[in-house]
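Order of listing sets the numbers, starting from 1, for every ligand and every atom in it. In what follows, residues are counted from 1 in the order of the sequence shown. If you're wondering where the values come from, they're calculated on a predicted model, not measured in any experiment.
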Amino acid sequence: MIRRRQTRSFLLCASLLPLLLSSSAARADETAPARDPKQAVNEAYTAKIQKYTTAPVFTSPLVDYLPASKNVPTPEIVLGDVSGAPGILPYAEDVYKYMRLLAKATPRVRVFSIGTTEEGREMIAVAVSSEENLKHLDENRARLAKLADPRTIKLDDAEADRIVAQSTPIYYITGTIHSPETGAPTALMELAYRLAVDESPYIREIRDGVITLITPVVEVDGRDRMVDLYRWHLAHPKDFYPPLIYWGKYVAHDNNRDAMGVTLKLTENVLNTYVGWKAQVLHDLHESVPYLYDNTAGDGPFNAWVDPILTDEWEMIGWRNVADMTKFGMPGVFTHGVFDTWSPGYLMFIAAMHNGISRLYETFGNGGADTEERTLDPQDYSRTWWRQNPPFPKTLWSQRDNNNYEETGLLTSLHYFNENKRLFLKNFYLKSKRSITKPTEEGPAAYVLPADDPRLELQTELLQVLQKQKVEISRATASFTVAVPAKKRKKSRKKEDAKDTNEKEKEAEPTSREFPAGSIVIRMDQPYSRIADALLDHQYWSPDDPQKTPYDDTGWTFGELFNVKVFRITDPKALDAAMERISEVKPTGGVQGDGTIFAINNSAEPALATLRYKLRDADMQAAEEPFEAGGKKFNRGSLIIRGVARSDFDRAANETGLHAAALSAAPSVKTHPVRAARVAFVHTWLSTQTEGWWRLALDNLKIPYDYISTQVVAKTDDLNAKYDVILFPPVGYNTSTTAIINGMPRDWGNPLPWKNTPETPNLVGKNDSTDDMRPGLGWDGVAHLQSFVGKGGVLLTATDTSRFALSIGLADSVSLGTSQKMNIVGSVLGTRLVDAASPIAYGYDEKFSAYCDNGPIFTLSSIAGGRGSRRLGGHSTSRPTGRGTADDPDFTVGRPGIEVPEEPTAELWEYPQVSDEQRRNGLRVIPAAGRARVILRYADNKDLLVSGLLEGGDEIAQHPAVLDVPAGQGHVILFSINPVYRGETRGTYSLVLNTILNFDNLNAGRTILEK
Ligand SMILES: [Zn+2]
């Protein structure tokens, strides 16, 4: 599915149909795709296939019939009709029931349970192959494991060839990760039947030559909700039906952006299955554009870390797929397209990053099983060089058409894959081998995470991600030293200048680096070095890249986003260091020393918040200044804890991974209490996509909250009675204030219930419910939020909800700048701490990185109503035109010179000084105490880009990134960065958690300078 969703549609003129009849030409040199004349056809099923296919060109000789079987049931047995029949969408449970009936009826099918979802629903993988192949799965897996880890055969190419010749490859197909894309499950049910039953040579070759592995439903929680909604729609055919606001428990289509962080169960289960089976292909099925877009061979830029062997495979398979289906006469089959292959976050990329082949189809779907007339956008039916036989501008489209395309594409792919399986298996081996020889080929040799990192708990979390990715992790048993290559600088145009600066810099830079014992080494001479390299390296997307619309994030460097030190080491000597493999990464926390008072250094580790809620009865204080105790240095914000038994505290420190010191006496330092705030988490009924990542983070940290909608805010007069902190995370898609307040239109249409009913038993799940999704926050809700803050509450907003807070007047001293050319597409940017004494900044260093996706540009003004725009237009500091040189004073003829008063200047993250003129009857001048406290700002433009794409960065450089705005007795916290995102930004979580922990002391350390 497309990131920024567009309405795409389409409808076929009936008069065109006779011109477009398909013809299936047999290839002389290969097995023809045609049914076995000796095998009986299931006539009734076949008749229905024909009936539900809306035009003869929308089918192929592979799927326009169904072979008959005496003992193997067709999908009709659970669907009550054929696959793709109108009005029929099976629940996951029914799909599984059918797959298990198949397994019972034929030795050519086996079903494996591969785990459960967040809501406890099962996920399965169905293996379809010859009886012989399924009997010897384990032996075959042992062979494939040798190809997957060529160290086991000493990188011996001849031995690899022998193994290749004996092995059966595994082609893994995954369906319906995106819940409104509904066609895959029925297509995959029928595909499994065909592969098990069909005796035509074309299918038999696939069955004998390949093990097809199928997960028919990836997002099982979302599938069941989607089927509920579709049933509701069938029961209320004339009404609008509720949009699918929740898919899985946490996120919607971002579930296909989790293959880096592996935070969702579905990602973990598919990854374990893919790697565990030693599969060669992961082929993920989606629906959006007509009729079949094989975006395996996407547009550039390609991910920099994939092996070129893979990018060639993409082209081979992709274009061959187009060619095969074009020969069947099926219109609208294409590859290349608009998708770029940069981000490795997609589910299919599990294969690309683990030496396999990633593939993805977008087929056409109606978001349900209705047969509908669809009208396409010109961009979707235009003929381009990569789409020579485009879709029709208009057509009648059915779920059966979708299933025909999906199955035909898969069968031709499987057949081609089987014909060339020696090549692909050898490539699988070669890609694995090249992953192992990485240190001596392209490098680096290793990544090192030093043992003296102040954030060992976050380091553990990063290592746990790598472990989920099956990366081997080692720990140095002694200190070691590696060479650090000198950085190459751009040469200055003037030769003499270059000489000067180069020599100076060379002297200053170290040529070696020592790492202490206990440091973590991620060796690059291992089969899955590729994924570690892709996650830990930096990304650079040139603003001059011909691709002007990045499909997803352009930067993701995990060390930066986790605020963990990671060193890329090119010196191969790193691999000679004494080290041992770590079988399981565990938290390293604990308590040192004796005493009844415990102190934990604050290094902005999220687990501090976990500890606060875990030890609810403990007295916790935050130090407002750095201090020393028990021979250790503690940062500002460090916790001093009393009233917990040692054994309880030991356990808590171990579980959270925090390092504590037991002290016999309390340090003498100013403190304030750290209380377990009562937290409300507000969502809209417009979208829950982006806030879902915040829920996931809080749940993982075991921080309790009430999950309430904007409708509940509208109905709750006294929010302060229940809550201390209201989190209003991003709605997503730059949702407007109007939409947040108004919700969906109510002047027409019908109520849109989101609740469990007999028709919709799975809708609510672990989320929220309402009788009508349409009402928004409303003006009552706005008033309640204003009152909450006025009476002392803390409202925390980010990106679009920060824009919302500004537009309802909650932060008078902040306005939104406009951008002309700024383009920051999911990038990692540099930030600088401005006010280290603010509790929100506790534990952070002066410099760290944050995730930004065209965040709002906050501009400060000391004049209420935003009338205090900068004099001289902000950047202009040059003198006016006149006599003399640039530094000279001007003059006026016939008059003595006058001393020009110095123009007050302010940095972009500071409030411009209020002028004497503004102070005259200055009723709009906001007193210093009423202005925002700037906690964090974006770095200067030259230091702004850390990873990804940055264009027009000067428009946001130096502007505030996090603001604490006093409002009445309370605070509004505004984020321009998104601090909680896809499980990837754990280094910035504490900016949110610090706000929660210090909700009633946010003014601690504040200095107010009236000027
Ligand atoms: Zn999709």
Side-chain angles (χ1 to χ4, degrees), residues 1-10 89 92 123 172-188 214-227 229-230 243-248 250-260 264 266-267 270 282-299 318 332 334-335 337-352 358-369 374 380 397 399 402-403 405-406 409-410 549-553 687-690 692 732-733 982:
M1 174 175 282
I2 304 295
R3 182 174 196 234
R4 291 172 186 86
R5 284 210 257 179
Q6 295 164 344
T7 317
R8 295 169 180 280
S9 40
F10 156 122
L89 281 191
M123 287 177 70
Y172 187 19
I173 301 166
T174 50
T176 315
I177 185 174
H178 282 168
S179 305
E181 304 164 19
T182 53
T186 48
L188 293 173
I214 301 168
T215 291
V217 185
V218 173
E219 175 57 275
V220 189
D221 299 333
R223 171 67 180 190
D224 284 1
R225 293 201 175 91
M226 182 65 205
V227 176
L229 278 188
Y230 185 64
L244 191 69
I245 185 134
Y246 296 99
W247 299 12
Y250 292 114
V251 293
H253 66 83
D254 258 16
N255 60 8
N256 192 32
R257 303 295 190 275
D258 187 46
M260 289 193 269
L264 303 174
L266 63 87
T267 318
V270 169
L282 178 53
H283 190 155
D284 197 32
L285 301 177
H286 290 254
E287 285 168 28
S288 64
V289 295
Y291 300 123
L292 190 150
Y293 172 30
D294 179 341
N295 79 4
T296 305
D299 199 355
F334 64 100
T335 189
V338 295
F339 171 80
D340 71 66
T341 315
W342 177 245
S343 164
Y346 315 106
L347 190 80
M348 64 160 170
F349 248 72
I350 288 171
S358 53
R359 299 204 66 204
L360 192 147
Y361 279 170
E362 299 281 358
T363 51
F364 197 38
N366 293 341
R374 303 288 300 271
D380 285 333
W397 188 258
Q399 173 122 320
N402 167 286
N403 281 193
Y405 270 77
E406 216 150 53
L410 289 169
T549 52
Y551 199 84
D552 203 68
D553 290 339
S687 168
T688 64
Q689 163 66 31
T690 312
Y733 313 104
R982 292 182 179 173

The Zn ion (ligand 1) - closest N/O/S atom in His286:
ND1

In His178, the N/O/S atom nearest the Zn ion (ligand 1) carries the name ND1

Let me know which of Asp284, Asn255, Asn256 forms a side chain to side chain donor-acceptor pair (under 3.5 Å) with His178.
Asn255

Going by the angle between their ring planes, with limits at 30° and 60°, are Tyr346 and Tyr551 parallel, tilted or perpendicular?
perpendicular

Could you label the plane-to-plane angle of the Tyr405 and Trp397 rings as parallel, tilted or perpendicular, counting under 30° as parallel and over 60° as perpendicular?
tilted

Applying side chain to side chain donor-acceptor pair (under 3.5 Å), can you list everything that pairs with Arg223, at least two apart in sequence or on another chain?
none

Counting backbone and side chain alike, does Glu181 bring an N/O/S atom below 2.8 Å of the Zn ion (ligand 1)?
yes

